[in-house]
Amino acid sequence: MAACGIPCSSALLAQGHRSAQAATAPVRIGHFQGLHRHCPSLPSVIAPFSALQSPRPSRCNGRRTLSNAIVAQAKSKYDYDLVIIGCGVGGHGAALHAVESGLKTAVIEGHDIGGTCVNRGCVPSKALLAASGRVRELQNGMHLKAMGIQVGSVSYERQPIADHAINLASTIQLNLKRSLEALGVDILKGSGKLVDNHTVKYSLPGRVDVGGTVTAKDIIIATGSVPFVPPGIPIDGKTVFTSDHALKLEWVPDWIAIIGSGYIGLEFSDVYTALGSEVTFIEAVDNLMPGFDKEIARLAQRLLINPRRIDYHTGVLATKVTPGVPGVKPVVVELTDFKTKEKVDELEVDAVLVATGRAPYTQGLNLAAIDAETDRRGFVPVGEQMHVLDKSGKPVPNVYCIGDANGKYMLAHAASAQGISAVENICGRSHTLNHLSVPAACFTHPEVSFVGLTEEAAREQAEKDGYKDKIAVTKTSFKANSKALAEKEGEGMAKMIYRKDTGEILGVHIIGLHAADLIHEASNAVATKQSVQDIKFNVHAHPTLSEVLDELFKAAHVETKAPGKVAFSGDKVKTPVTV
Ligand SMILES: Cc1cc2nc3c(=O)[nH]c(=O)nc-3n(C[C@H](O)[C@H](O)[C@H](O)COP(=O)(O)OP(=O)(O)OC[C@H]3O[C@@H](n4cnc5c(N)ncnc54)[C@H](O)[C@@H]3O)c2cc1C
Ligand SMILES: NC(=O)c1ccc[n+]([C@@H]2O[C@H](COP(=O)([O-])OP(=O)(O)OC[C@H]3O[C@@H](n4cnc5c(N)ncnc54)[C@H](O)[C@@H]3O)[C@@H](O)[C@H]2O)c1
């Protein structure tokens with residue numbers, strides 16, 4: 001567990017293997033935040049951005065304190081103010097903010113606009129979760145009967161569910177591309193490689209008609225990640241596969257082993273069990289969901305694992321997997337004790353999903369050209385303000401790295417927020433993203449979400465910094481919430497870890513209906529440094545699920561009554577590295 005409480009165990013396990021795996025993986029590349037603001041189908045939403053209404057504006061749109069002479073020089077010397085290598089959600093979010101800030105911007109994209117999130121991640125997985133979630137709900141006769149509803153037998157068609165995910169990804173990919181075009185961002189097709197800290201060469205293998213060299217005042221690297229596959233596990237894409245293949249839902253195995261009980265493993269266990277599969281988790285750590293707050297993980301096990309057709313082996317590694325033939329020959333999985341390294345079991349299943357983390361996609365960038373190198377796992381080292389660090393740990397002028405490629409927090413909205421932060425710094429508006437305020441959610445049924453530290457990490461931090469007797473925890477249950485009860489969805493809890501001397505919110509964790517939406521009141525409070533004694537005066541509509549949080553805040557007891565922003569211990573906490 002990293003200091004921030006964000007899941008990171010797979011990274012520990014993966015050490016030493018990642019770069020090698022990434023080297024053989026195909027180039028991949030997506031954000032809602034940007035999409036909502038800039039979707040071409042929403043012109044009225046775009047309108048407020050001055051960058052759109054004027055001809056190509058000068059650097060940083062008048063907000064930067066550059067003299068006109070410097071601006072003119074900057075404009076004439078380079079092709080662009082900003083070039084972004086990689087156009088996933090991170091690159092896209094950075095590009096939108098750059099245009100808003102008046103920067104002449106280009107993105108270089110080697111595969112598909114939208115990257116992992118849009119094409120092989122968040123978007124298609126949420127489509128599968130939405131469809132399979134309905135199947136689960138309609139098949140839960142007891143639940144429906146409790147509200148006086150009876151349904152006949154419920155069935156589904158696999159291909160239309162798969163098509164829903166594929167079509168959604170295509171639509172959003174197109175929306176992202178159009179939003180960039182509408183904003184005047186040049187989209188350069190090819191794989192980018194640094195020449196120096198102002199120059200990028202780009203090309204597409206096998207295409208002599210595509211490519212070139214561009215110069216820019218600043219460069220952002222946003223090349224993302226690919227699935228990490230441990231050694232000894234050959235991916236055939238049919239019986240042994242990663243999320244890249246699973247999202248296509250080409251078949252629904254009767255029995256599937258999922259290696260890894262992190263985000264991907266959990267979300268796919270939700271999809272597969274709803275569609276009728278039996279699931280076996282193989283988890284290296286001694287407990288399932290090792291990256292989550294322990295109490296939340298225990299309740300998650302009671303809600304998401306135990307009542308379903310799921311069993312599990314913990315404390316074991318899948319050290320060897322032999323692919324099978326669908327319907328003919330099973331996949332064989334060799335299990336090795338994580339601690340003793342002795343072979344302990346062998347499983348025969350229909351399919352294996354490898355969900356053991358993600359590896360950065362950073363090779364081929366030629367970081368040597370800027371006197372930088374990746375760490376041993378392939379991540380690009382960055383400072384607090386997203387500057388790439390050179391071999392001696394100093395910031396490389398004008399080169400930044402955001403998103404999965406730097407490994408700070410491998411989530412779509414974190415990539416986009418880091419992109420916005422980098423652009424702020426490029427524009428001379430010093431900005432540091434507080435990663436402890438970035439929410440995370442797992443979209444199972446019910447959902448799990450959190451922000452900040454787990455209870456364990458908060459206590460560890462407090463012990464180290466000498467305020468361990470100041471840590472307090474409040475908890476509320478969905479069972480007492482009118483809206484949840486009206487929905488017959490009373491299973492779930494929220495917990496908050498805070499400092500009773502200052503009222504600082506250190507972490508909030510939720511499991512229950514719409515937990516992924518509910519977390520934002522807490523994450524925004526952490527971001528704006530609202531204290532518990534302030535937030536407890538917020539008014540929540542009744543009856544809503546948000547009252548679960550209202551009660552949570554009201555249950556907190558703070559020693560000081562002083563309202564307002566306080567000096568938080570989080571101010572001193574360095575941006576956590578989570579992988
Ligand atoms: C199954 C799955 C589900 C997920 N669900 C969620 C979720 O619900 N919520 C969430 O927040 N996160 C989710 N994630 C994580 C999220 O997808 C990533 O954190 C996010 O995509 C990272 O964005 P990025 O821009 O850093 O990288 P990417 O999205 O990987 O984009 C990088 C882009 O750079 C391009 N590229 C790479 N190298 C080069 C080069 N040299 N030149 C030019 N282009 C290059 C790639 O083609 C790619 O398009 C999920 C991930 C997976 C796998
Ligand atoms: N809803 C979301 O936000 C969402 C959804 C999916 C993915 N993601 C992102 O994608 C990334 C990858 O997800 P993930 O679930 O693959 O990674 P993860 O790091 O969340 O979980 C990987 C799990 O695999 C286990 N593991 C690693 N190697 C193993 C081995 N050899 N044998 C057995 N167990 C092993 C680890 O202990 C860990 O529990 C995450 O960083 C996450 O941020 C986010």
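Numbering of ligands and ligand atoms starts at 1, following listing order. This structure is a prediction, so every number in the text was calculated from the model and none was measured.
- Under 4.0 Å from ligand 1, the heavy atoms of A415 that appear belong solely to its side chain.
- Every atom of ligand 2 with a heavy atom of L411 under 4.0 Å away is listed here by number and element: 3 (O), 43 (O), 44 (C).
- Where the criterion is an N or O separation shorter than 3.5 Å, residue side chain and backbone included, E267 fails it with respect to ligand 1.
- Residue contacts with ligand 1, taken as heavy atom pairs separated by less than 4.0 Å, do not involve K193 at all.
- Within the 4.0 Å heavy-atom cutoff, G364 does not count among the residues contacting ligand 1.
- At least one N/O-N/O distance between Y263 and ligand 2 falls below 3.5 Å.
- Those atoms of ligand 2 that come under 4.0 Å of a heavy atom in M410, given as number and element, are 9 (C), 41 (O), 42 (C), 43 (O).
- Close contacts between ligand 2 and V285 involve ligand atoms 37 (O) [criterion: under 4.0 Å to a heavy atom].
- Atoms of ligand 1 lying under 4.0 Å from any heavy atom of G403, numbered from 1 in the order shown and given with element: 26 (O).
- Within ligand 1, counting atoms from 1 as listed, the ones closer than 4.0 Å to a heavy atom of M410 are 15 (C), 19 (O).
- Distances shorter than 4.0 angstrom do not occur between any heavy atom of G291 and any atom of ligand 2.
- For ligand 1, the atoms closer than 4.0 angstrom to any heavy atom of G190 are 42 (N), 43 (C).
- Counting heavy atoms closer than 4.0 Å to ligand 2, residue V316 contributes backbone atoms (N, CA, C, O) but none from C-beta onward.
- At a heavy-atom distance under 4.0 Å, only side-chain atoms of R358, from C-beta outward, approach ligand 1.
- For ligand 2 and R358, the ligand atoms under 4.0 Å from any heavy atom of the residue are 10 (O), 11 (C), 12 (C).
- For ligand 1, the atoms lying closer than 4.0 Å to a non-hydrogen atom of S225 are 30 (O).
- Of the heavy atoms in E267, only side-chain atoms (C-beta onward) come closer than 4.0 Å to ligand 2.
- Among A222, G110, G357, the residue whose heavy atom lies nearest to atom 44 (N) of ligand 1 is G110.
- Of all the atoms in ligand 2, the ones that sit under 4.0 Å from a non-hydrogen atom of P230 are 31 (N).
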Inset, instruction - Quick one: do V214 and D186 satisfy side-chain contact (heavy atoms from CB on, under 4.5 Å)? Show the steps, please. - result: CA-CA 11 Å; V214 281; D186 287 342; over 6 Å; no
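- Listed by atom number, the atoms of ligand 2 under 4.0 Å from A318 heavy atoms are 32 (N).
- Contacts between I264 and ligand 2 below 4.0 angstrom, taking non-hydrogen atoms only, involve backbone and side chain alike.
- Taking only non-hydrogen atoms, the option from G357, P231, A284 nearest to atom 33 (C) of ligand 2 is A284.
- Short contacts between ligand 2 and I282, defined as distances under 4.0 Å to a heavy atom of the residue, involve ligand atoms 33 (C), 34 (N).
- Note: an N/O pair closer than 3.5 Å links A441 and ligand 2 by distance alone.
- Taking only nitrogen or oxygen atoms, main chain and side chain alike, F443 does not reach within less than 3.5 Å of ligand 2.
- With a 4.0 Å heavy-atom cut-off, ligand 1 is reached by the backbone of H111 and by its side chain too.
- Going from atom CZ of R134 over to atom CG of L129 covers 12.0 Å, rounded to the nearest 0.5 Å.
- Contacts between F443 and ligand 1, counted as non-hydrogen atom pairs separated by less than 4.0 Å, involve the side chain only.
- Note: no N/O pair closer than 3.5 Å links P290 and ligand 2 by distance alone.
- In this structure, L266 has no heavy atom closer than 4.0 Å to ligand 2.
- For ligand 1, the atoms lying closer than 4.0 Å to a non-hydrogen atom of G88 are 25 (O), 29 (O), 31 (O), 33 (C).
- A side-chain donor-acceptor contact under 3.5 Å links T223 to the backbone of Y361.
- Distance check, rounded to the nearest 0.5 Å: CG of L168 to OG of S125 gives 10.0 Å.
- Partner V240 forms a side-chain contact (heavy atoms from CB on, under 4.5 Å) with one of V229, I259, V321 and no other, that one being V321.
- Between the side chain of T432 and the backbone N or O of Q385 there is no donor-acceptor pair closer than 3.5 Å.
- For the pair V333 and A318, the tightest heavy-atom approach, listed with the atom from each and the gap, is CG1-CB, 4.0 Å.
- Heavy-atom contacts of L411 reach the following atoms of ligand 1: 10 (C), 11 (O), 12 (N), 19 (O) (cutoff under 4.0 Å).
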Legend entry - Trace of the side-chain contact (heavy atoms from CB on, under 4.5 Å) decision for K408 with L433: CA-CA 11 Å; K408 271 183 178 286; L433 175 68; over 6 Å; no
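- The closest donor-acceptor contact from the side chain of T356 to the backbone of F228 lies under 3.5 Å.
- In this structure, K294 fails the cation-pi test against F292, since its NZ or CZ atom is not both closer than 6.0 Å to the six-membered ring centre and inside 45 degrees of the ring normal.
- Under 4.0 Å from ligand 1, not a single heavy atom of A441 appears.
- Side-chain atoms of H431 and S421 form a donor-acceptor pair, as typed in the model, at a separation below 3.5 Å.
- Interface atoms of ligand 1 facing D112, defined by a heavy-atom separation under 4.0 Å, are 49 (O).
- No side-chain donor from either of D286 and T314 sits under 3.5 Å from a side-chain acceptor of the other.
- Taking a 6.0 Å sphere around NZ of K339, one finds it holds 12 or fewer heavy atoms contributed by other residues, nucleotides or ligands.
- With 3.5 Å as the limit, one finds no donor-acceptor pair spanning the side chains of E455 and H509.
- Here the side chain of S269 pairs a donor or acceptor atom with the backbone of L266 at under 3.5 angstrom.
- Between D270 and R308 a salt bridge is recorded (basic side-chain N to carboxylate O distance below 4.0 Å).
- A donor-acceptor contact shorter than 3.5 Å links the side chain of D350 to the backbone of W255.
- For H92 and S179, the side-chain atoms include at least one donor-acceptor pair closer than 3.5 Å.
- Residue contacts with ligand 1: L247 is placed with no nitrogen or oxygen under 3.5 Å of a nitrogen or oxygen of the ligand (distance criterion only).
- Proximity to R120 (heavy-atom distance under 4.0 Å) selects the following atoms of ligand 1: 1 (C), 53 (C).
- Only the side chain of S125 comes within contact range of ligand 1, with a heavy atom under 4.0 Å; no backbone atom does.
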Inset, instruction - Report the C-alpha separation of D293 and F450 in whole Å, then their side-chain angles, then the decisive distance to 0.1 Å, and conclude whether the side-chain contact (heavy atoms from CB on, under 4.5 Å) test is met. - result: CA-CA 9 Å; D293 180 275; F450 69 88; over 6 Å; no
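- Of the possible polar contacts, one joining the W251 side chain to the K238 backbone as a donor-acceptor pair under 3.5 Å is found.
- Listed by number with element, the atoms of ligand 2 under 4.0 angstrom from any heavy atom of L317 are 30 (C), 31 (N), 32 (N).
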Inset, instruction - Give the C-alpha distance, both sets of side-chain angles, the deciding distance and a yes or no for side-chain contact (heavy atoms from CB on, under 4.5 Å) between Q301 and Y312. - result: CA-CA 11 Å; Q301 175 150 347; Y312 50 87; 2.6 Å; yes
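- With a heavy-atom cut-off of 4.0 Å, I264 touches ligand 1 through its side chain alone.
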